[in-house]
Amino acid sequence: MNAPSFVNRQWFYVKRPEGRVGPEHYELRESQLSAALAHNEVIVQAHYFSVDPYMRIQQHQRDTYDVPHPLDIVQQGGVVGRVVASASERFAEGDWVYGYNGWQLYAKCHANELTKLDPAQAPVTTALGVLGMPGRTAWFGLMEAGRPRPGDTLVVSGAAGAVGSLVAQFGKRAGCKVVGIAGGADKCRFLTERLGLDAAVDYKAFADVEGLAAEIQRVSGGVDVYFDNVGGRVTDAVIPLIKRRARIVICGAISQYDGGLDTPDLAPRFLQHMLFQRATIQGILARDFLLRMPEMVAQVAPWVKNGEIVFEETLVDGFEQLPAALGSLFEGRNLGKLLVRA
Ligand SMILES: NC(=O)c1ccc[n+]([C@@H]2O[C@H](COP(=O)([O-])OP(=O)(O)OC[C@H]3O[C@@H](n4cnc5c(N)ncnc54)[C@H](OP(=O)(O)O)[C@@H]3O)[C@@H](O)[C@H]2O)c1
């Protein structure tokens with residue numbers, strides 16, 4: 001007798017975008033996933049999908065920190081789901097798990113590829129946000145490369161997003177004065193009223209770099225640490241404001257992801273200013289800190305459990321919405337971590 005099977009649905013990445021990514025670059029396919037399991041195999045049903053800017057970085061033509069994402073494979077990405085079949089002693093049906101299973105409703109995984117989650121400790125979705133890759137990026141990026149000291153002024157771009165909102169709060173906890181930069185009055189209110197930042201700047205309210213820079217200077221008084229998630233004109237505005245021995249942390253450049261990574265990085269030259277201020281600039285990558293994940297979780301999980309940190313999530317309902325949700329990151333429609341619920 002044949003083993004029963006699961007009706008699987010998978011989003012295949014089929015066309016390289018030139019500009020904004022959207023549903024036209026993906027194809028939804030249905031297939032059967034056999035329930036037959038080898039020793040240590042587990043089948044996971046996806047409940048929450050992570051939608052991340054790096055997915056668009058991987059769609060560029062040139063090598064970045066990844067080789068370009070090949071066409072005609074299931075879109076990769078982090079997933080939180082439940083075990084629906086298990087041939088592993090470590091996982092039972094019903095267990096919540098995290099895996100890098102990609103955009104598909106069911107995945108057959110080796111037990112070693114999965115992390116068991118305890119819903120009594122933290123909401124399971126935090127494994128894709130504050131206690132997952134964005135949390136790791138924010139924690140190590142700020143603490144190791146930003147090296148914040150009490151009394152420093154920290155400026156964070158993309159401050160209302162998954163990584164930025166955590167960096168901003170970690171900075172406050174480290175005793176910094178924190179200024180967040182985000183798009184729109186609502187996000188700026190979120191930064192000052194919910195996250196308790198010292199000031200917020202709406203970069204969309206300024207048509208030119210000079211006006212934006214003047215406002216950031218006015219509210220910050222100069223910058224000791226700049227944590228950059230967006231690049232482009234926001235960063236052009238901040239870099240001239242750095243103070244002596246400032247640390248600039250390059251985490252991302254989302255303003256350039258609509259195809260811009262395939263062209264030269266054009267910006268004002270700032271190296272002389274780096275010299276005069278004896279500043280440092282450092283790129284950081286979450287995966288370089290993968291093995292130190294337990295350090296970050298030991299520090300941040302108690303704050304999550306005690307409600308001492310805000311970890312906003314934007315939940316989009318429907319597996320069909322995944323490609324559109326990815327595109328929406330570049331329009332700023334998310335507050336905090338963007339997730340799609342199956
Ligand atoms: N280096 C690493 O290991 C690593 C790891 C994770 C993330 N990252 C990077 O960190 C950044 C944030 O990632 P995330 O996951 O936290 O995403 P996110 O900030 O939650 O979402 C993206 C946000 O970027 C802002 N944005 C979009 N287009 C923009 C533009 N043209 N100019 C300025 N802001 C723009 C939007 O906010 P507004 O409404 O404020 O415009 C949007 O909500 C990205 O650059 C990402 O690539 C790097």
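Numbering of ligands and ligand atoms starts at 1, following listing order. These numbers were taken from a predicted model, which means no experiment stands behind them.
Residue contacts with ligand 1 for Met133 involve side-chain atoms from C-beta outward but no N, CA, C or O (heavy atoms, distance under 4.0 Å). For Arg287, no heavy-atom contact with ligand 1 is shorter than 4.0 Å. Counting heavy atoms under 4.0 Å from ligand 1, residue Ala159 does not touch it at all. In Thr137, the part holding a heavy atom less than 4.0 Å from any atom of ligand 1 is the side chain.
Using a 4.0 Å cut-off to heavy atoms of Ala182, the atoms of ligand 1 that qualify are 40 (O). Taking every heavy atom of Gly252 and a limit of under 4.0 angstrom, the matching atoms of ligand 1 come to 9 (C), 45 (O). With ligand atoms numbered from 1 in the order given, ligand 1 contributes 36 (C), 37 (O), 39 (O), 42 (C), 43 (O) to contacts under 4.0 Å with heavy atoms of Gly332. Taking every non-hydrogen atom of Ala253 and a distance limit under 4.0 Å, the qualifying atoms of ligand 1 come out as 45 (O). Near Val163, meaning under 4.0 Å from any of its heavy atoms, are these atoms of ligand 1: 6 (C), 7 (C), 16 (O). Near Ser255, with a cut-off below 4.0 Å to any heavy atom, the atoms of ligand 1 are 30 (C), 31 (N), 32 (N). For ligand 1, the atoms closer than 4.0 angstrom to any heavy atom of Gly336 are 20 (O).
A salt bridge does not link Lys177 to Asp198: none of the charged side-chain nitrogens sits closer than 4.0 Å to a carboxylate oxygen. Between Asp66 and Arg287 there is a salt bridge, with a side-chain nitrogen of the basic residue lying less than 4.0 Å from a carboxylate oxygen of the acidic one. Under a 4.0 Å N-O distance rule, the pair Lys337/Asp52 qualifies as a salt bridge. Salt-bridge annotation for Glu312 and Arg194: present, with a side-chain N of the basic residue lying under 4.0 Å from a carboxylate O of the acidic one.
Atom OG1 of residue Thr235 and atom OH of residue Tyr203 lie 11.0 Å apart, to the nearest 0.5 angstrom. To the nearest 0.5 Å, atom CD of residue Gln75 and atom CD of residue Gln10 are 12.5 Å apart.
Counting non-hydrogen atoms of neighbouring residues, nucleotides and ligands closer than 6.0 angstrom, the CD atom of Gln299 exceeds 12 such neighbours.
The closest non-hydrogen atom to atom 8 (N) of ligand 1, taken over Cys251, Gly180, Gly161, comes from Cys251. The residue from Gly129, Ala286, Gly135 that puts a heavy atom closest to atom 3 (O) of ligand 1 is Ala286. For atom 27 (C) of ligand 1, the candidate residues are Thr235, Asn229, Leu329; the nearest heavy-atom contact is made by Leu329. Compare Ile284, Asp258, Ile254 by their heavy atoms: the one nearest to atom 24 (O) of ligand 1 is in Ile254.
Under a 3.5 Å cut-off, the side chain of Lys187 and the backbone N or O of Gly332 do form a donor-acceptor pair.
Applying the salt bridge (charged side-chain N to carboxylate O under 4.0 Å, His left out) test to Asp72 and every residue at least two apart in sequence or in another chain returns Arg29.
The shell of residues lying under 4.0 angstrom from ligand 1, judged by heavy atoms, includes Asn334. Assignment of Tyr65 to the shell around ligand 1 is not supported, since no heavy atom sits closer than 4.0 Å.
Tested against Arg247, the residues Asp152, Asp228, Asp224 include a single salt bridge (charged side-chain N to carboxylate O under 4.0 Å, His left out) partner, Asp152.
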